[in-house]
*Asks:* 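Take a look at the following structure, please.
First the proteins, then the strands, lettered A, B, ... as listed; each starts at 1. This is a predicted model, so every value here is computed, not measured.
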There are 2 protein chains.
Amino acid sequence: MQLCVLSMSPAIAKTSEKDIVAAARRMIRALGVDALTLRDVAEAVGIRAPSLYKRFDSKSALLQAVKADVLTRFETALRQAGTGQPPALAFTRMAAAYREFGTRRPEIYRLIHRPELKAEGLEAERASLVPAFEIITALVGPAHALAAARCTTSFLHGFVSMEIDGNFQQGGSTDEAFTFSVYVILQGLVNSASA
Amino acid sequence: MQLCVLSMSPAIAKTSEKDIVAAARRMIRALGVDALTLRDVAEAVGIRAPSLYKRFDSKSALLQAVKADVLTRFETALRQAGTGQPPALAFTRMAAAYREFGTRRPEIYRLIHRPELKAEGLEAERASLVPAFEIITALVGPAHALAAARCTTSFLHGFVSMEIDGNFQQGGSTDEAFTFSVYVILQGLVNSASA
DNA sequence: ACCTGAACACCGTTCAAGT
DNA sequence: ACCTGAACACCGTTCAAGT
């Protein structure tokens, strides 16, 4: 009986959700999300495009899974940068880690800020900025923490976006502008907290 | 002879570049750039999709023209907000005008920050931030103007992006966070300029 | 249970043909 | 000179059929 069942065994899985997400992430990093096709992702893991629908409801669902995966790595990078430092140093280190994550993987950074990819990413998106929020709370106290975190993450997101999009066209040192800006915001936050 | 030429006159133009750009802009504002199809744009101006190629080389070229058109309006809005005010007031007014432009037209704001639309937009993109640069130069002096402008425009772009993308999820007043942030950066810039 | 080829609707784009 | 229908390659997605 069992032998019979085994001989009638269904098709053996050639891949997994994890494999597919990893392949898609690599392809996005290399080519950008706009150039990603399901036929290519499928080929990279040794199956055909229709089979992807056994694991993900749609292309959007796959991209959401990639985004959630990346956001976990992002959160880890931010947390490692700030732990065990005094607040002001943690702040500048976290800022530098944020920028490095984005500039090293511009296409991945763009992916995690695609507004249409929200469902799975919403909680991961919030969680990814928790390390930054904790550092800023230590810096300015709980009363201004939320506004200060929004100030800081807005600046970091805007700077990295403009840098990877090539929107700093006026010459000058981008590194210098970043260092100056982080200093300006840090000073402004500390002053506002004591005011 | 002339009559003959006139009677053989070619098809009369049903539309113009300007009409097409305006129609595309309205449709993007309503539906977003991802939902825009050339067949729909063509229908909106009374022609068929292939005829668009008599006026624009590609969909990308049309989007670049829309982007350049919008950036001109954006520059005007920023300039009007700051003119004739003392530097610090011009700064906060310009910041508010920037935010209002983006939050009132989120899909248009996203369009002008599409990194793949660069060719026609590059110069217009630079020009659109000239009013901000002038205000900031008046505020901090020429030595720090470039870095200060990058700090400010990075923050503004990041804040507006996160706001329209729904990334401020923790409750609290977004208006308050914006006012606080503009104040923090203004104070930080003024202090750094005198340092 | 997972995989597949064939097919569908839709898109940007090309082109020969019309006036 | 501008417009058009037909067609092409490509895409996400569906589905009946295979093991």
*Asks:* In dot-bracket notation, what is the pairing pattern of DNA chain D, taking Watson-Crick (N1-N3 plus N6-O4 or O6-N4) and G-U wobble (N1-O2 and O6-N3) contacts under 3.5 Å, with [ ] crossing and | for other strands?
*Replies:* ||.|||||...|||||.||

*Asks:* Mind checking what makes salt bridge (Lys or Arg N to Asp or Glu O under 4.0 Å) contact with Arg25(A), not counting sequence neighbours?
*Replies:*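 Listed in chain order: Asp69(A).
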
*Asks:* Do the non-hydrogen side-chain atoms of Val70(A) and Arg105(A) ever get within less than 4.5 Å of each other?
*Replies:*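 The answer is no; the side chains never approach within 4.5 Å.
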
*Asks:* Given atom CD1 of Ile47(B) and atom P of dT4(D), what is their separation to the nearest angstrom?
*Replies:*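 Going from Ile47(B) (CD1) to dT4(D) (P), I get 7 Å.
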
*Asks:* Please give me every residue in residues 13-21 of chain A whose heavy atoms get under 4.0 Å of an atom in DNA chain D, ordered by residue number.
*Replies:*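 None - not one residue of the stretch has a heavy atom sitting under 4.0 Å from the strand.
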
*Asks:* Return yes if some donor-acceptor pair links the side-chain N/O of Lys67(B) with the main-chain N/O of Lys118(B) below 3.5 Å, else return no.
*Replies:*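 Checking the backbone N and O of Lys118(B) against the side chain of Lys67(B), no donor-acceptor pair under 3.5 Å is found.
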
*Asks:* Sugar-phosphate atoms are those with a prime plus P, OP1 and OP2; base atoms are the rest. Using that split, label each nucleotide of nucleotides 8-18 of chain C B, S or - for protein heavy atoms under 4.0 Å, 5' to 3'.
*Replies:* ---BBBBB---

*Asks:* Any side-chain heavy-atom pair from Thr153(A) and Asn167(B) closer than 4.5 angstrom?
*Replies:*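 Thr153(A) does not reach Asn167(B) side chain to side chain.
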
*Asks:* Applying the ring-ring contact (aromatic ring centres under 6.0 Å, His included) test to Phe159(A), which of Tyr109(A), Phe168(A), Tyr98(A) qualifies?
*Replies:*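 For Phe159(A), the ring-ring contact (aromatic ring centres under 6.0 Å, His included) check succeeds only for Phe168(A).
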
*Asks:* Quick check: does any side chain N or O of Arg93(A) sit under 3.5 Å from a backbone N or O of Gln85(A), one acting as donor and the other as acceptor?
*Replies:*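 Pair absent, no side-chain N/O of Arg93(A) close to backbone of Gln85(A).
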
*Asks:* What integer distance in Å separates Arg48(A):CZ from dT4(C):P?
*Replies:*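 Nearest whole value for this atom pair: 6 Å.
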
*Asks:* Nearest whole angstrom, please: distance from the P of dC3(D) to the CD1 of Ile12(B).
*Replies:*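 After rounding, the gap between these two atoms is 10 Å.
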
*Asks:* Under 3.5 Å, is there a donor-acceptor pair linking the side chains of Gln64(A) and Ser60(A)?
*Replies:*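 Gln64(A) vs Ser60(A): donor-acceptor pair found between side chains.
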
*Asks:* Does anything in residues 169-195 of chain A pair up under side-chain hydrogen bond (donor to acceptor under 3.5 Å, both in side chains), and if so which pairs, sequence neighbours excluded?
*Replies:*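 Those involving residues 169-195 of chain A are Arg99(A)-Asp175(A).
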
*Asks:* Do Ile164(A) and Glu107(A) touch side chain to side chain, with heavy atoms closer than 4.5 Å?
*Replies:*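 Contact flag for Ile164(A)/Glu107(A) side chains = no.
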
*Asks:* By side chain to side chain contact (heavy atoms under 4.5 Å, CB included), which residues pair with Ala23(B), not counting sequence neighbours?
*Replies:*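 With neighbours one apart ignored, the set is Arg26(B), Ala44(B), Val45(B).
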
